[in-house]
Amino acid sequence: TSSACASPARLDCLSGSGLSSLDAGLFTGGSATDHQCRGFAADRKCVKTAMSATAWLERGFHGRTRRYCGRAMELGQALQQNFGFSAFRPGQREACEAALAGRDVLVVMPTGSGKSLCYQLPALIRDDLTIVVSPLVALMQDQVEALQARGLGDRVALVNAQRDAATNAETLRRAASGDLSLLYVAPERFASPGFLEAMRDAPIGLFVVDEAHCVSQWGHDFRPDYFRLADAARYLGAGSIVASTATATARVALDIAHRL
């Protein structure tokens with residue numbers, strides 16, 4: 001551990017040994033409300049020597065960290081109970097610990113390696129709301145249906161233009177009142193003042209940006225709607241940001257960290 005990296009404003013690389021391994025690794029930073037973390041996105045020395053998420057949990061730098069500190073020990077039990085798995089895949093536990101600790105996380109894993117579990121499991125353990133931003137209705141629907149099939153239908157919902165206004169309004173009411181653990185929305189939803197106002201007082205802990213390469217002008221699927229997500233997360237008072245993608249070069253990963 002480097003003393004220069006003992007601040008929550010720094011970034012961690014929890015698997016691999018630096019930016020060259022980001023295309024198969026995990027990147028974490030300070031809380032979403034700590035604007036300084038954006039300035040250290042390209043600090044190679046800090047990334048290579050930063051403290052692990054487990055150390056952050058043990059030291060409990062933030063009240064939010066202390067709140068979930070003991071729950072890191074429940075991860076294995078929660079994994080079995082909610083998903084039926086007996087063990088984590090590489091990188092999943094570290095990402096879950098970081099999310100529980102209120103740290104910003106960039107997860108870069110191949111398709112099919114379990115990226116969604118890295119935010120779904122912490123969301124189910126936490127007692128606040130996790131917002132998941134996904135670019136395609138089909139992707140959202142698949143994840144919601146998979147969680148419903150595991151008996152978690154009362155804790156997860158989605159809002160989209162294919163549903164009538166009354167159904168969407170009721171979903172937002174449930175989210176704002178604390179009845180949901182996971183709410184899936186499209187990035188375009190944050191252009192709606194009505195949506196932002198409805199969610200303004202919701203207890204939002206994690207703000208998840210799925211397919212996060214869409215936020216980068218260097219990514220293969222750049223979408224301008226993703227530009228407003230960092231501001232939206234801060235406007236809604238989200239505790240931290242989790243970005244997830246399967247296709248990010250080191251350059252794209254740095255751009256994602258900078259923009260979010």
Side-chain angles (χ1 to χ4, degrees), residues 22-23 26-27 29 32 41 92 95 99 104-123 129-148 156-165 167-168 171-172 175 180-196 198-199 202 204-236 238 240-260:
L22 268 178
D23 57 346
L26 175 78
F27 207 44
Q92 286 181 328
D104 288 346
V105 188
L106 171 55
V107 181
V108 183
M109 294 181 179
T111 300
S113 62
K115 293 187 301 299
S116 61
L117 185 142
C118 295
Y119 54 81
Q120 289 175 346
L121 183 59
L129 175 67
T130 292
I131 289 183
V132 182
V133 184
S134 184
L136 297 174
V137 173
L139 293 177
M140 292 190 282
Q141 191 67 47
D142 285 348
Q143 290 197 26
V144 169
E145 290 178 354
L147 291 169
Q148 289 173 338
V156 58
L158 61 84
V159 169
N160 63 48
Q162 297 179 10
R163 301 190 167 208
D164 60 72
T167 300
N168 283 338
T171 298
L172 294 181
L180 296 179
S181 296
L182 285 146
L183 176 66
Y184 286 77
V185 300
E188 294 81 5
R189 186 65 53 173
F190 294 92
S192 166
F195 171 78
L196 292 174
M199 298 304 298
I204 301 171
L206 302 179
F207 190 96
V208 179
V209 181
D210 201 10
E211 305 297 326
H213 56 273
C214 294
V215 80
S216 174
Q217 61 181 323
W218 306 110
H220 66 83
D221 194 21
F222 168 66
R223 291 181 60 163
D225 286 307
Y226 269 63
F227 268 2
R228 66 171 60 95
L229 295 183
D231 288 337
R234 294 182 176 93
Y235 175 80
L236 295 175
S240 56
I241 293 178
V242 177
S244 173
T245 180
T247 54
T249 62
R251 185 182 195 183
V252 171
L254 283 172
D255 197 31
I256 293 171
H258 173 72
R259 294 182 183 279
L260 294 180

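Side-chain atoms are counted along with the backbone in the values below, which use heavy atoms only and exclude waters and symmetry mates. Please read these numbers as outputs of a predicted model, since none were measured by experiment. Counting begins at 1 with the first residue of the sequence.
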Check your understanding: Do Thr167 side-chain atoms and Arg163 backbone N/O form a donor-acceptor pair below 3.5 Å?
Key -> no

Output for pair (Ile241 CD1, Arg259 CZ), nearest 0.5 Å, gives 13.5 Å

Residues Leu183 and Ala175: closest non-hydrogen pair is CD2-CB, 4.0 Å

So the salt bridge (Lys or Arg N to Asp or Glu O under 4.0 Å) pairs with at least one residue in residues 130-143 (sequence neighbours excluded) are none

Contacts of Ala243 meeting side-chain contact (heavy atoms from CB on, under 4.5 Å) (sequence neighbours excluded), chain-then-number -> Leu106, Ala212, Ile256, Leu260

Report, one line per pair, each donor and acceptor closer than 3.5 Å where one atom sits in a side chain of residues 111-118; sequence neighbours left out.
unit_1, atom_1, unit_2, atom_2, d
Ser113, OG, Pro110, O, 2.6

Here the gap from Ile204 atom CD1 to Leu236 atom CG, rounded to the nearest 0.5 Å, amounts to 4.5 Å

Residue pairs meeting salt bridge (Lys or Arg N to Asp or Glu O under 4.0 Å), one or both in residues 180-191, sequence neighbours left out, come to Glu188-Arg223

Taken to the nearest 0.5 Å, the spacing of Ser240 OG from Phe207 CZ works out to 11.5 Å

Rounded to the nearest 0.5 angstrom, the CG-CG distance for Leu136 and Asn160 is 11.5 Å

Distance col, row Leu129:CG vs Leu180:CG, nearest 0.5 angstrom, shows 6.5 Å

Distance col, row Phe227:CZ vs Ser216:OG, nearest 0.5 angstrom, shows 8.0 Å

Residues at least two apart in sequence or cross-chain that pass side-chain contact (heavy atoms from CB on, under 4.5 Å) with Arg228, listed by chain then number, are Phe190, Ala191, Asp225

Side chain to side chain donor-acceptor pair (under 3.5 Å) filter on Tyr184, not counting sequence neighbours, yields Gln120, Gln143

Arg251 and Asp255 ion-paired at < 4.0 Å:
no

